[in-house]
Amino acid sequence: MNIRGITTTLFLLLVLAPAVAFSQSGDKASAELKADVTHIHAGSDLTFKLTLDDPLPPGAYFQVRLSPVKVDQELPVNSGEPTDKDRKEFLLHVKLPDGAIPGDWHIQVVYLFLAGTSWTGNTISTNPMPFVVEGVPIAIPTKGTAEIVSK
């Protein structure tokens, strides 16, 4: 190996080694932070941010429906006013019910209500924002038997 090759190798080691070390420690920190944020107890307050790709039209709002993954226990959360002048960023607050089904939860759907409407089929696509609700397990009936008792 000539001097130029050694210089190039040393340069790459000096430049890339700190970046790799920084990247690895950054990944650990974000993974630990995510674990703290994603576990929520039934009955607790939950605050999350939703950012739109385009501004929300004046008079419009959206409703996020949070739900457990294994059953449908939809919890509606209305958008309220934007937190930025561009009308794209929203901070949403909700209190999980004391009887929230424990386990994996997610955003099931986001409905968009344009000005003057009371019902809509318009939706906004988003990431599922998975989180875990901790609480006492609840048995959910999934089967029943029906029979005629009078003729």
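The structure displayed is predicted, hence computed values, not measured ones. FYI, the numbering just counts along the sequence from 1. Values reported hereafter were calculated over all heavy atoms of this structure, with side chains retained and with hydrogens, waters and symmetry mates removed.
Ile138 belongs to a hydrophobic cluster with Val71, Ile101, Ile140, counting contacts under 4.5 Å between side-chain heavy atoms of Ile, Leu, Val, Met, Phe, Trp and Tyr, direct or through other members.
By the side-chain hydrogen bond (donor to acceptor under 3.5 Å, both in side chains) test, Thr117 pairs with no residue at all, sequence neighbours left out. When the side-chain hydrogen bond (donor to acceptor under 3.5 Å, both in side chains) test is applied to Gln63, the partners found at least two apart in sequence or on another chain are Arg65, Asn78. With sequence neighbours left out, Asp98 forms a side chain to side chain contact (heavy atoms under 4.5 Å, CB included) with no residue at all.
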Please report the C-alpha distance between Val94 and Leu92 in whole Å, then the side-chain angles of each, then the deciding distance to 0.1 Å, and finally whether the side chain to side chain contact (heavy atoms under 4.5 Å, CB included) criterion is met.
CA-CA 7 Å; Val94 65; Leu92 292 91; over 6 Å; no
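In terms of hydrophobic clustering, with Ile, Leu, Val, Met, Phe, Trp and Tyr side chains grouped at heavy-atom distances under 4.5 Å, Tyr61 and Ile124 are assigned to different clusters. A single hydrophobic cluster is seen to contain both Met129 and Leu52, as judged by linkage of ILVMFWY side chains at heavy-atom distances under 4.5 Å, directly or through other members.
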For residues 106-116, please give each side-chain donor-acceptor pair under 3.5 Å, one per line with the distance, not counting sequence neighbours.
residue: Gln108; atom: OE1; partner: Ser67; partner atom: OG; Å: 3.2
residue: Gln108; atom: NE2; partner: Glu74; partner atom: OE2; Å: 3.4

Side-chain atoms of residues 142-151: list all donor-acceptor pairs with protein atoms under 3.5 Å, sequence neighbours left out, distances to 0.1 Å.
none

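At least one donor-acceptor pair closer than 3.5 Å links the side chain of Lys95 to the backbone N or O of Gly43. At distances below 3.5 Å, at least one donor-acceptor pair connects side-chain atoms of Arg87 with backbone N or O atoms of Leu56.
Minimum heavy-atom separation, Val133 to Ala100: CG1-CB, 4.1 Å. The nearest pair of heavy atoms linking Gly99 to Gln73 is O-NE2, 3.5 Å.
Under the 4.5 Å side-chain criterion, counting only non-hydrogen atoms from C-beta, Leu66 is in contact with Leu46.
Here CD1 of Ile40 is found 9.5 Å from CD of Glu134. Values are rounded to the nearest 0.5 Å. In this structure, His93 NE2 and Thr47 OG1 are separated by 5.0 Å, a value rounded to the nearest 0.5 Å. Here OG1 of Thr51 is found 9.5 Å from NZ of Lys88. Values are rounded to the nearest 0.5 Å. Rounded to the nearest 0.5 Å, atoms CG (Leu91) and CG (Asp84) are 11.0 Å apart.
The aromatic ring centroids of Phe48 and Phe131 lie 6.0 Å or more from each other.
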